[in-house]
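Report on the structure given below.
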Amino acid sequence: MSTTNQDKCFLHNQKRNSFCHNDEELVCLVCQQSKEHKVHVCCPVEEAAEQKKTEISASLESLKKKLKVLINTKEQWEEIKTHIQTQACETETGIKEEFKKLHQFLKEEENTRLQALKQEEETKTQIMCMKLENIEEQINTLSSTINDIETALKAQDVQLLQDYKKTKKMLQWKIGEPEVIRVYHLINSAKHLGSLKFSHLEEGGRHCQMWWVKEKDFTLNLSYFQLTEFYGFQFLLFWIQTLPISTYSEELSCVQYSSKKLLPNNPERLVSRISVLGATGFTSGKHSWTVDVGQGKDWYIGVALDSIQRKNTIFLSPAEGFWVIGLSNGDSLWAQTTPRSKLPMKEKPNRITVELDYDRGKVVFINAADSTKIHTFKDKFTEKVFPYFSPGLCKDVQNASPLTICPQIIKVKVE
């Protein structure tokens with residue numbers, strides 16, 4: 001290594017061939033013996049350079065890992081951005097089809113909803129663009145920092161130690177974890193599609209004396225569950241996101257096993273079971289809904305806590321936040337207690353009414369055909385609960401039997 005002016009001590013004009021670990025700077029032999037450095041830990045340049053290279057390399061690996069996390073997050077957010085636009089397109093199609101079935105006077109309302117959808121799409125797409133720009137800046141900054149550090153590592157020992165403080169400062173750059181994308185970042189399809197017939201027929205009733213209307217109590221939420229690990233569903237009335245194996249009905253009131261779908265992941269989505277929750281949760285009062293369980297051989301219905309585990313293996317029991325009953329193998333009905341309890345069944349029920357009394361902590365299952373009680377759970381609820389639906393797996397996707405929320409007939413009279 002050639003001697004340059006930088007290699008010499010400015011005070012003693014001697015070659016700086018040692019490195020002071022306390023002050024993190026190069027020193028000459030005279031400096032090392034001086035009062036300033038005498039009690040400090042010093043070592044030869046070559047030895048110090050080797051130690052610092054090891055130290056920097058270890059920290060550099062951490063930065064590289066963080067860069068990888070940022071890049072992966074960016075890719076996921078790119079997928080979410082694309083999915084938001086796809087959601088908007090699909091929702092727009094649904095809105096248009098629904099309005100074709102209604103009277104011409106609803107055209108103005110259709111345009112209003114489309115405008116709201118477009119505004120939501122633009123707002124949420126803009127939000128994702130801003131998030132992507134932000135993470136792009138972080139990636140560029142971190143990449144530049146890593147390049148500078150790697151360049152410093154390639155420098156000669158003296159130069160590396162000369163710039164050590166600057167390099168060390170770059171290694172201390174704090175990088176926060178990427179933001180988690182939540183369900184509210186996606187298009188709220190249920191807000192645009194849910195109960196369209198009821199809300200608009202009610203509006204149309206102003207021109208008539210009486211209407212008989214079919215009303216859905218609630219809709220299925222299309223944002224809560226993992227759609228990349230399983231096989232299929234379809235819903236229209238619940239603002240939930242299910243598994244990758246689901247299709248949903250025209251009004252988000254029906255779910256069934258179907259072909260696999262790819263949807264962006266989010267914390268609300270369930271990955272270990274084929275399930276959906278109702279769009280509306282309850283923290284008080286009495287509520288009921290009737291489910292047509294069809295001819296499926298495996299299904300589960302009931303209620304579940306908002307805090308249920310979505311990413312880990314779960315068991316349908318009150319201890320894990322589920323109060324449900326289900327059919328197994330088409331011939332046995334079970335209450336998912338701990339351990340589960342087999343329920344008497346003379347014949348398979350076709351429609352089951354679920355009655356929730358939140359304040360009294362009761363969930364009652366009733367055979368809608370003869371009003372006989374099937375099972376009652378008693379517990380204490382301390383947080384929001386949601387209707388729970390699981391259509392189960394099906395080998396024959398084409399003939400998969402859906403779970404359907406039965407409409408209630410109500411009479412609307414406009415004076």
Side-chain angles (χ1 to χ4, degrees), residues 56-95 112-154 163 166-193 221-229 239-242 244 261-271 279 310-311:
I56 293 173
S57 296
S59 298
L60 181 61
E61 285 303 312
S62 176
L63 292 182
K64 287 182 177 180
K65 289 180 181 179
K66 290 180 179 180
L67 176 61
K68 184 176 181 181
V69 170
L70 290 176
I71 292 174
N72 289 340
T73 301
K74 179 191 174 186
E75 292 176 352
Q76 293 175 5
W77 289 5
E78 290 282 6
E79 293 177 0
I80 290 173
K81 175 185 173 184
T82 300
H83 176 64
I84 288 173
Q85 295 169 335
T86 301
Q87 273 190 307
C89 181
E90 292 176 351
T91 306
E92 180 177 355
T93 301
I95 291 173
T112 300
R113 284 190 176 244
L114 288 174
Q115 184 178 358
L117 170 65
K118 191 66 176 177
Q119 183 175 355
E120 182 178 358
E121 177 194 5
E122 291 174 354
T123 300
K124 293 185 175 179
T125 300
Q126 184 179 8
I127 290 173
M128 288 310 304
C129 287
M130 292 173 63
K131 292 181 182 297
L132 286 166
E133 287 178 6
N134 181 265
I135 200 170
E136 183 72 37
E137 289 178 4
Q138 293 183 55
I139 290 172
N140 292 337
T141 302
L142 184 54
S143 297
S144 177
T145 300
I146 290 174
N147 289 336
D148 291 343
I149 295 172
E150 289 178 335
T151 300
L153 283 173
K154 296 176 182 177
D163 298 335
K166 179 181 177 182
T167 304
K168 182 180 179 181
K169 186 176 182 180
M170 288 190 290
L171 290 168
Q172 294 172 347
W173 186 55
K174 294 183 179 180
I175 306 170
E177 293 298 322
E179 179 185 356
V180 176
I181 298 300
R182 312 294 299 203
V183 62
Y184 53 76
H185 288 106
L186 304 178
I187 295 294
N188 188 343
S189 300
K191 181 184 72 173
H192 299 288
L193 291 172
N221 187 326
L222 298 182
S223 306
Y224 279 116
F225 302 98
Q226 177 66 25
L227 288 171
T228 55
E229 310 297 338
W239 165 221
I240 295 178
Q241 239 146 49
T242 65
K261 296 183 177 182
L262 295 177
L263 294 177
N265 192 8
N266 55 274
E268 293 84 359
R269 192 163 290 135
L270 184 70
V271 300
R310 274 126 164 115
K311 307 303 181 185

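This is a predicted model, so every value here is computed, not measured.
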- Gap between atom CG of L171 and atom CD1 of I56 - 0.5 Å precision: 6.0 Å
For residues 137-144, please give each side-chain donor-acceptor pair under 3.5 Å, one per line with the distance, not counting sequence neighbours.
unit_1: Q138; atom_1: NE2; unit_2: N134; atom_2: OD1; d: 2.7
unit_1: N140; atom_1: ND2; unit_2: E136; atom_2: O; d: 3.3
unit_1: T141; atom_1: OG1; unit_2: E137; atom_2: O; d: 2.8
unit_1: S143; atom_1: OG; unit_2: I139; atom_2: O; d: 2.7

- Item | Test item: L67 and L63 side chains (from C-beta on) under 4.5 Å apart, heavy atoms | no
- Drop me the distance from T123's OG1 to I84's CD1, to the nearest 0.5 angstrom. 10.5 Å
- Distance, nearest 0.5 Å, that separates CD of E61 from CD1 of I146: 9.5 Å
- From K81 NZ over to K74 NZ, what is the distance, rounded to the nearest 0.5 angstrom? 10.0 Å
- Should the heavy atoms of other residues, nucleotides or ligands under 6.0 Å from CD of Q126 be counted, would the total exceed 12? no
- Item | Atom of P178, atom of L70 and distance for their closest heavy-atom approach | CG-CD2, 3.9 Å
- Task: Would you give the length of the straight line joining atom CD of Q87 to atom NE2 of H83, rounded to the nearest 0.5 angstrom?
- Result: 3.5 Å
- Considering residues at least two apart in sequence or located in another chain, which fulfil the side-chain hydrogen bond (donor to acceptor under 3.5 Å, both in side chains) criterion with D163? Q159
- Message: Any side-chain to backbone donor/acceptor pair from S62 onto A58? Under 3.5 Å, distance only.
- Response: no
- Passes side-chain contact (heavy atoms from CB on, under 4.5 Å), L186 versus K124? Steps please. CA-CA 7 Å; L186 304 178; K124 293 185 175 179; 5.7 Å; no
- Query: If we only count heavy atoms from C-beta on, is the Q85 to M128 side-chain gap below 4.5 Å?
  - Reply: no
- Mind checking side-chain hydrogen bond (donor to acceptor under 3.5 Å, both in side chains) for E78 and listing every partner two or more places apart, or none if nothing turns up? none
- Query: Rounded to the nearest 0.5 Å, how far apart are CG of D148 and NZ of K166?
  - Reply: 7.0 Å
- Item | Minimal non-hydrogen separation, W77 against E179, with atom names | CZ2-O, 3.1 Å
